[in-house]
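These figures come from a predicted structure and were not determined experimentally. Chain identifiers are assigned alphabetically (A, B, ...) following the order of the sequence lines, protein sequences preceding nucleic acid strands; residue numbering begins at 1 within each chain.
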Number of protein chains: 2
Amino acid sequence: MSSIQDVAALAKVSTATASRALSRPEMVADGTRKRVMKAAQQLGYQPNVLARSLRQRETRTIGLIVADILNPFHALLAKGVQDTAEEQGYVTFLFNSDEQPEKEARAIDTLRGHLPQGLIVVPTSGTREHLKTLPNLPVVELDRVSGNPQASTVTVDNVGGARAATDHLIGLGHRRIGLIVGQQDISTAVERQAGYHDALKAAGLSPCPELMRSGQHREDDGSRAATELLSMPAGQRPTALFVGNNEMTVGAVLAARELGLRIPEDLSIVGFDDSRWAQTMLPPLTVIAQPAYELGVHACEQLFGLLRGAGRPAHLQLSTELIIRHSTGPPHRS
Amino acid sequence: MSSIQDVAALAKVSTATASRALSRPEMVADGTRKRVMKAAQQLGYQPNVLARSLRQRETRTIGLIVADILNPFHALLAKGVQDTAEEQGYVTFLFNSDEQPEKEARAIDTLRGHLPQGLIVVPTSGTREHLKTLPNLPVVELDRVSGNPQASTVTVDNVGGARAATDHLIGLGHRRIGLIVGQQDISTAVERQAGYHDALKAAGLSPCPELMRSGQHREDDGSRAATELLSMPAGQRPTALFVGNNEMTVGAVLAARELGLRIPEDLSIVGFDDSRWAQTMLPPLTVIAQPAYELGVHACEQLFGLLRGAGRPAHLQLSTELIIRHSTGPPHRS
DNA sequence: CATCTCAATGTAATCGTTTGCAATCAGTTT
DNA sequence: AAACTGATTGCAAACGATTACATTGAGATG
């Protein structure tokens, strides 16, 4: 790799002038600038980002930690962030916490040494604690919130979404509606459960703990929870399920199939988060859709706001949309 | 952020000693080492990777460019690479080419300035050209090959996989077997087409151009191609399809449904690449499964081999596996 | 006791940029 | 002609680490 020294030598100027010719063209005489440009071109010169960042104390990188890159929702978040960052000339360091606080801690530690100028994180239960090692870094929490008062947040209206899902089921005539959500230490699970509660109460139904399950976010937790709920005796078994995230929804659908329940005749299902899987499964799934890519974009924009010195943390909430497909219908008489 | 200067000052030693205490403990007296360690601890010292890399001319980072992070296959590749790199203390810069050579060129340019020690890339048609700007960088091509003689490659046995898929269909009694693959400038598409050819020839069937379609890798290209093939008059219409990648397979399945064809009664389908979607669609899809995560792991290991100076490029080919589910069956008499 | 050895530490150069400050020089202005 | 201006350019100091080389001093050796 050729350095700016080489360029300067070839153009017969000092490194200072070479540097200025490339990054502050207006400070340099026309002829000189052209000579330097040409030299740079000839040598295929590419500035060494490390040296530049070191000197300028500005790396033009941001960190991004998602909880599960294999989950299409998170992949979309990541793409939204990364595309937006790139537009602004920023490079994204992408890490995966795999929902494990320890892995997240490691990612944060690694990140620290690379001096990102900001961090976007889909928090786990450990995030609030881990972020204390980065006291002055602008942080945006994405999709979930950790309770850290310093951080900006970009989320969806989980309560409203869950409420809409549950209302939809109630409107179809369901009275025993099961709930399956993720871990109780993740904000989205709690909020979606709250929306479910609200809807039941508003309809004069009393939330019943036996119909509610929570677990990890994984497919098999969803499948286990659904199997439990659906194995209840006929009169007590829920006639509909609201499942709080896409992975668990897959599990729930498979469990229902396993038990020979027809959807929607024997069981209605609403999932949270749309996906191609939801669109193409049979029957196509009724869902609460989230603007995943836009969440990522907005998180990144929020972060750039903070970088430009928009002092106080902001909280942006996007809305969700109920998409009615064919996995929901009136309950079977039983 | 505190620097090694701060640590040195607090421990009352020179920066040289502080540095040694932290990275070459054996060179430093016990007592001093402890003092330095403690000081580092107290200040929450984290070495500045930029400065270190600049001095050591070794960044401990690698670049990874995948073609489509939203495609679960690529997400798995990425995870395999990243997990493996992390184990070795390397950080991965992940970029997305979105199958566009220009985006890939930009990614490579950005990467250059960050001085990665190696690059893993899922090539597009432009890769061979773009890599010329990085003449001395160890490169591993993943999943596809660009024809660059410098690069190591980690791929699957596409010819064999496609042959197995086609043989399976032939074995079931199909004679008019349609082929849908990606762009002809991507090695995997070409190889899978070759495998399909081989199988037909070996069975004494003559490959028929009207039954073969290629397009971009996207779902709608698959759907368009399938619609064309399946709209042929009854006697000419293929009774089975072999589709060369996961995205296009989705499109093909949806097109078949759209046309009211039952799978596998009216149409058998074999896809390339297994996925959750393939497992859970109805009926579950017969596929050629690829070890996606392992591909990523091996690519990373190959790269580390090159970094440690294993001079010549190596070529690793993993095998695929035919998984017979329920999307394939004997042809309907017609 | 002089000398040698070797472990422990310090001094200062280095990596490749950017940038504050000083120097140069041509063209005005007085 | 002296002094001033302002546009170009160069010199050298940073940024924060690592490391070649020099220094120190304590114990071993003759």
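Here B:Ala29 lies in heavy-atom contact (under 4.0 Å) with sugar-phosphate atoms only. Using a 4.0 Å heavy-atom distance criterion, A:Thr32 is classed as a sugar-phosphate-only contact. Note on A:Arg24: only backbone sugar-phosphate atoms sit closer than 4.0 angstrom, heavy atoms only; bases stay farther off. Within 4.0 Å (heavy atoms only), B:Ser19 reaches at least one base atom of the nucleic acid.
The residue among B:Leu54 and B:Met27 whose nearest nucleotide of DNA chain C lies closer to the 5′ end is B:Met27. Between A:Arg20 and B:Arg55, it is A:Arg20 whose nearest contact on DNA chain D lies nearer the 5' terminus. Comparing A:Ile4 and B:Thr15 by the nucleotide of DNA chain C that holds the closest heavy atom to each, the one mapping nearer the 5' end is B:Thr15.
Summary of helix geometry: the two end axes of the helix from C:dC1-D:dG30 to C:dT30-D:dA1, each defined by five base pairs via their C1' atoms, are inclined to each other by 70° (rounded to 10°).
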Would you list the atom pairs, donor with acceptor, under 3.5 Å between side chains in residues 292-303 of chain A and any protein atom, with sequence neighbours excluded?
{"unit_1": "A:Tyr293", "atom_1": "OH", "unit_2": "A:Asp83", "atom_2": "OD2", "d": "2.6"}
{"unit_1": "A:His298", "atom_1": "ND1", "unit_2": "A:Glu294", "atom_2": "O", "d": "3.0"}

Can I get a per-line list of side-chain donor-acceptor pairs under 3.5 Å for residues 135-143 of chain B, giving both atom names and the distance, sequence neighbours left out?
{"unit_1": "B:Glu141", "atom_1": "OE1", "unit_2": "B:Ser146", "atom_2": "N", "d": "2.7"}
{"unit_1": "B:Glu141", "atom_1": "OE2", "unit_2": "B:Ser146", "atom_2": "OG", "d": "2.5"}

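Within the structure, the salt bridge (charged side-chain N to carboxylate O under 4.0 Å, His left out) test picks out no pair touching residues 2-26 of chain A (sequence neighbours left out). For the ring-ring contact (aromatic ring centres under 6.0 Å, His included) condition, no pair includes a residue of residues 20-41 of chain B, sequence neighbours left out. For residues 27-51 of chain B, the salt bridge (charged side-chain N to carboxylate O under 4.0 Å, His left out) pairs, not counting sequence neighbours, are B:Asp30-B:Arg33. For residues 105-138 of chain B, the pairs satisfying ring-ring contact (aromatic ring centres under 6.0 Å, His included) are B:Phe93-B:His114, with sequence neighbours left out.
Between B:Val13 and B:Ala18, the shortest heavy-atom contact is CG2-N, 4.1 Å. Pairing each heavy atom of B:Ala67 with each of B:Ser97, the nearest pair is CA-OG, 3.3 Å. B:Val91 and A:Thr110 make their closest contact through CG2-CG2, 3.5 Å (heavy atoms, listed as atom of the first residue, atom of the second, distance).
In terms of the salt bridge (Lys or Arg N to Asp or Glu O under 4.0 Å) criterion, residue partners of A:Glu58 (sequence neighbours excluded) are, by chain and number, A:Arg60. Take B:Glu104 and apply the salt bridge (Lys or Arg N to Asp or Glu O under 4.0 Å) test, not counting sequence neighbours, and it matches no residue.
Side-chain atoms of B:Met1 and A:Arg112, non-hydrogen and from C-beta on, do get closer than 4.5 Å to each other.
Chain A approaches DNA chain D over the interval D:dT8 to D:dG16, counting the first and last nucleotide 5' to 3' with an atom under 4.0 Å from its heavy atoms. Of all nucleotides in DNA chain C having an atom under 4.0 Å from a heavy atom of chain B, the first and last in 5' to 3' order are C:dA8 to C:dG16.
Near DNA chain C, meaning a heavy atom under 4.0 Å from it, residues 43-50 of chain B has no residue at all.
Taking a cutoff of 4.0 Å between a charged side-chain nitrogen and a carboxylate oxygen, A:Arg218 and A:Glu99 do not qualify as a salt bridge.
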